[in-house]
Amino acid sequence: MLRQATQQLGDRFHDPLPATSMRVSQLLLVTLRDDPAEAEIPSHRLLLRGGYIRRIAAGVYAYLPLLWRVLVKINGIVREEMDRTGALETLLPQLQPAELWQRSGRWQGYTAGEGIMFHMVDRQDRSLGLGPTHEEVVTALAADLLRSYRQLPVCLYQIQTKFRDEIRPRFGLMRGREFIMKDAYSFHADAACLTQTYQAMDLAYRRIFLRCGLRTVAVEADSGAIGGSASQEFMVTAEVGEDLILSSPDGRYAANQERALSVAAPAVPLDDGLASGELITPGQSSIAALCDGHGLAPSQILKVLLLLARFADLPAQPVLVCLRGDQQLNEVKLRNALSQRAGSGSHPLLDLQPLTPEQLEAQGLAPLPFGFLGPQLDDAVLAGAHQWRPQFLRLADPSVAGLGRFVCGANKPDLHRVVDGWELLTPLPELVDLRSAQPGDPCLHDPDQRLVASRGIEVGHIFQLGRKYSEALEARFTSEDGSEEALWMGCYGIGVSRLAQAAVEQHHDDQGICWPLAIAPFEVIIVIASNQDADQGSLGERLYGELAAAGIEVLLDDRSERAGVKFKDADLIGIPWRVVVGRGAAAGTVELVERASHSREDLPAAELLARLQPRILAQRQGLQAH
RNA sequence: CGGGGCGUGGCGCAGCUUGGUAGCGCGGGUGCUUUGGGAGCACUAGGUCGCAGGUUCGAAUCCUGUCGCCCCGACCA
């Protein structure tokens, strides 16, 4: 009786072949014929249609069995390469006490304002957060475990689900509120050792992405909310990427636009045609209108932006920014400049927004002539503000300091002025790099090189953190000379679930996904064209057993569907190699098709393994390092 | 958070303007036929039209509120 029951179960749960093989009939494969309305970009559509993911809530997805196999493979590659660097795998808590984050000074910044940390209060009234990253936890651990320079360096890593309450989750796994990330943290006795590990991670990352079959580019990056000095991002190049990459054609420079530096194109000199002093500009409140009205070039105009910065535990700070008229404000650079000036540890920047007439009114201040503002705008306009600091923080991009004569607002409606030189302005703003580098700008390293734009999906980011967290959380060790010092730290992330989708974005066609073999859920799919045909059935089964026994990850489409359905599904889910057992089965021949190239050949079934195995072994290596 | 859009069977959608008690395609089930690129015919199951109020003899449809989801933006006025 028991034996009979086990036999019945046998078909379904006790396939005698290795676990690397699988029958489609038992895979719970649910593909969609129509494009789901929610998906915009190809990779998102294909993952939904191919039965890889299902949405559970905004930015929250179930990873179905096929995708899980992909993720496990990516994790495997990540693990091998991290282990190769000597890093140690761990698993850290997702539920983290507020206290740790308060000690690092990030609790407010991550929970208030545009904060991205999910947080809650437990029944004992303790505040907790769901980990968006693990610097605090790992540094606290390091403080506990690391005492002597003899234990250093050490690197811990984990592959873990992270939580971020994104302003706008989008594109499926690309920007989710829950996602899988590999994060690593290294600890060192000195900066030189940190640099060494940082470089080792750079190499490990390049290997990881090559092995995953991804074309990536490494770019200089802003270190953002994580903090620290040097930082580099790894971008999967793709049209739909959310990041703008600026790079030089000679390959010597590449940076995220948030961070990119360039030489501003020279300004057009302002000739003497315009008299110095007041310039009547009725209704000309924009750069474009001003240029049209007076035959000016945007680079001859100095524009003024007013913003309001809110810091924790400080009055709101009005900010006056001067930029050349043809340049764009880089908000990331501005935020960094503001954070530095406020002492980001104790007073993190919570919010930065353009100053509005409504806000002025709410402060009990007189309206300002927006569109006609100039750098000389007096602090007196802020006098009597209810909650603001009554002085502007005045910043200017260096490109304005190079201007000779220029036009700027006169701080009166419908009026600008022509100024003979930057040094005539009072009070003189502080010069800080605030402009966005643009495609076409000359490069710093070689002005003959012009920046070129491309788009990328950030799949990895490495940072030299320095001692920011170890100092805040008092993670110290005893150095060789007996003194107590804060640990030097680095941190290194890879978005595993994002990487899986980025791979689809880079490898697909009209019919579906074309997985790089190294991360494909299966390496080969055997399609039995007609289940009714005994020859096909038995040959398909035989090849299935043969490939599986040879250690190849093989999927057998044994469903009683029509051949067309199976072909469509095979293309959609994107298994790299397809073996069709069809009309030639009786004569012992099969068809071998490569998914990505569509190349096909007929061959005797007896030769299949010998033909396929070398290619699969080669493709498991991923892209070759160049 | 600002703007726009959408919530109708598992998926994709129509119906709403002009209220009268729900429909199409795909998918599911059964049967017959078919069988190398998402088959055909027949039968069949499945929806209190996101939710809550309101107007009305009567609401998927009109009004109010609310929740959810998607897209754009959140920088130069």
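Protein chains get the first letters and strands the later ones, always in sequence-line order, with residue 1 at the start of each. Please read all numbers here as calculations on a predicted model, not as lab measurements.
Taking for each of A:Val304 and A:Arg177 the nucleotide of RNA chain B with the nearest heavy atom, the 5'-most of the two is the partner of A:Arg177. Mapping A:Arg583 and A:Asn330 onto RNA chain B via the closest heavy atom, the residue that lands nearer the 5' end is A:Arg583.
Here A:Ala529 lies in heavy-atom contact (under 4.0 Å) with a base. As judged by a 4.0 angstrom heavy-atom cut-off over every strand, A:Leu306 is placed among the base-contacting residues. Residue contacts for A:Arg170: at a heavy-atom cut-off of 4.0 Å it reaches the sugar-phosphate backbone alone, with no base atom in range. Residue contacts shown for A:Arg600 include a base, since a base heavy atom lies under 4.0 Å away. Within 4.0 Å (heavy atoms only), A:Leu355 reaches at least one base atom of the nucleic acid. Using a 4.0 Å heavy-atom distance criterion, A:Val527 is classed as making no nucleic acid contact.
Separation of the C1' atoms belonging to B:U21 and B:U48 is 11 Å when rounded to the nearest angstrom. Taking atom C1' on both B:A14 and B:A60, the two are 12 Å apart, rounded to the nearest angstrom. Between B:A52 and B:G40, the distance separating the two P atoms is 40 Å to the nearest Å. B:G68 sits 10 Å from B:C51 when the C1' atoms are compared, rounded to a whole Å. Comparing the P positions of B:C75 and B:U61 gives a spacing of 39 Å, expressed to the nearest Å. Rounded to a whole angstrom, the distance from the P atom of B:A45 to that of B:G7 is 27 Å. On the C1' atoms, B:G12 is 15 Å away from B:C70, given to the nearest whole Å. On the C1' atoms, B:G15 is 15 Å away from B:G9, given to the nearest whole Å.
A:Ser43 and A:Met174 make their closest contact through OG-CE, 4.1 Å (heavy atoms, listed as atom of the first residue, atom of the second, distance).
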Treat primed atoms plus P, OP1 and OP2 as sugar-phosphate and everything else as base, then score nucleotides 4-16 of chain B 5' to 3': B for base contact with protein heavy atoms under 4.0 Å, S for sugar-phosphate contact only, - for none.
-------BSS---

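For the pair A:Arg435 and B:C75, the criterion of a side-chain N or O lying under 4.0 Å from OP1 or OP2 is not met. Not one side-chain nitrogen or oxygen of A:Arg562 sits closer than 4.0 Å to the OP1 or OP2 atom of B:U34.
The partner of B:A52 is B:U64, by the rule that a Watson-Crick or G-U pair needs both atom distances under 3.5 Å. Across all strands shown, nothing is found opposite B:A45 as a Watson-Crick or G-U wobble partner with both distances under 3.5 Å. Across all strands shown, B:C69 forms a Watson-Crick or G-U wobble pair, both distances under 3.5 Å, with B:G5. The pairing partner recorded for B:C11 is B:G25, the criterion being a Watson-Crick or G-U wobble arrangement whose two distances lie under 3.5 angstrom. Applying the Watson-Crick and G-U wobble criteria (two distances, each under 3.5 Å), B:A77 pairs with nothing in any strand. Of all nucleotides present, none satisfies the Watson-Crick or G-U wobble test against B:A59 with each distance under 3.5 Å.
At whole-Å resolution of the value, CZ in A:Arg45 and C1' in B:C70 are 14 Å apart. Atom CD1 in A:Ile167 sits about 10 Å away from atom P in B:C75, given to the nearest Å. Atoms CD1 (A:Ile41) and P (B:C70) sit 13 Å apart, rounded to a whole Å. Atom pair A:Gln536:CD and B:U35:P shows a separation of 13 Å (rounding to whole Å applied). If you take CG of A:Leu307 and P of B:A77, they are 12 Å apart, rounded to a whole angstrom. For the pair A:Arg175 CZ and B:C70 P, the interatomic distance rounds to 14 Å; values are reported in whole Å. For A:Ile528 and B:G37, the CD1 to P distance is 17 Å, given to the nearest whole Å. The nearest whole Å value for the distance from the CZ atom in A:Arg335 to the C1' atom in B:A74 is 11 Å.
A search for side chain to side chain donor-acceptor pair (under 3.5 Å) contacts involving A:Ser262 returns A:Arg435, A:Asp441, not counting sequence neighbours. Among residues two or more places apart in sequence or in another chain, the ring pair (Phe, Tyr, Trp, His ring centres under 6.0 Å) test is passed with A:Phe392 by none. For A:Trp577, the ring pair (Phe, Tyr, Trp, His ring centres under 6.0 Å) criterion is met by no residue, not counting sequence neighbours.
Nearest to the side-chain atoms of A:Gln353 among the listed nucleotides B:C70, B:A74, B:C76 stands B:A74. Each of B:C70, B:C76, B:C1 was ranked by its minimum atom distance to the side chain of A:Leu305; first place goes to B:C76. In this structure, of B:A77, B:C69, B:U35, it is B:U35 that holds the atom nearest to the side chain of A:Gln532. For A:Asp571, taking side-chain heavy atoms from C-beta onward, the closest of the listed nucleotides B:U35, B:G37, B:A77 is B:G37. Across B:C71, B:G37, B:G36, the shortest atom-to-atom separation from the side chain of A:Glu591 is found for B:G36. For A:Ala563, counting side-chain heavy atoms from C-beta on, the closest listed nucleotide (B:G36, B:C72, B:C69) is B:G36.
Other residues, nucleotides and ligands place no more than 12 heavy atoms under 6.0 Å from the CD atom of A:Glu239. Summarising the local packing, CD of A:Glu38 is surrounded by more than 12 heavy atoms from other residues, nucleotides or ligands at distances under 6.0 Å.
A heavy-atom distance below 4.5 Å is not found between the side chains of A:Glu546 and A:Leu608. In this structure the side chain of A:Leu360 reaches within 4.5 angstrom of the side chain of A:Phe370, judged on heavy atoms.
Between A:Asp243 and A:Arg259, none of the side-chain N atoms (NZ, or NE/NH1/NH2) sits under 4.0 Å from a carboxylate O, so this pair counts as no salt bridge.
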Every protein N/O lying under 3.5 Å from an N/O of nucleotides 29-32 of chain B:
none

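A:Asp602 and A:Thr589 share no side-chain donor-acceptor pair at under 3.5 Å.
Relative ring orientation between A:Phe406 and A:Trp422 is described as tilted, the plane-to-plane angle lying within the 30° to 60° band.
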Cut-off 3.5 Å, no hydrogens considered: what does the side-chain donor-acceptor table look like for residues 289-308 of chain A, sequence neighbours left out?
unit_1   : atom_1 : unit_2   : atom_2 : d
A:His294 : NE2    : A:Ile280 : O      : 3.4
A:His294 : NE2    : A:Gln284 : OE1    : 2.8
A:Ser299 : OG     : A:Val268 : N      : 2.9
A:Gln300 : OE1    : A:Ala297 : N      : 2.8
A:Gln300 : NE2    : A:Val268 : O      : 3.3
A:Gln300 : NE2    : A:Pro269 : O      : 2.9
A:Lys303 : NZ     : A:Gln327 : O      : 2.8

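Of the possible donor and acceptor atoms, none in the side chain of A:Arg394 sits under 3.5 Å from a partner among the backbone N and O of A:Pro429.
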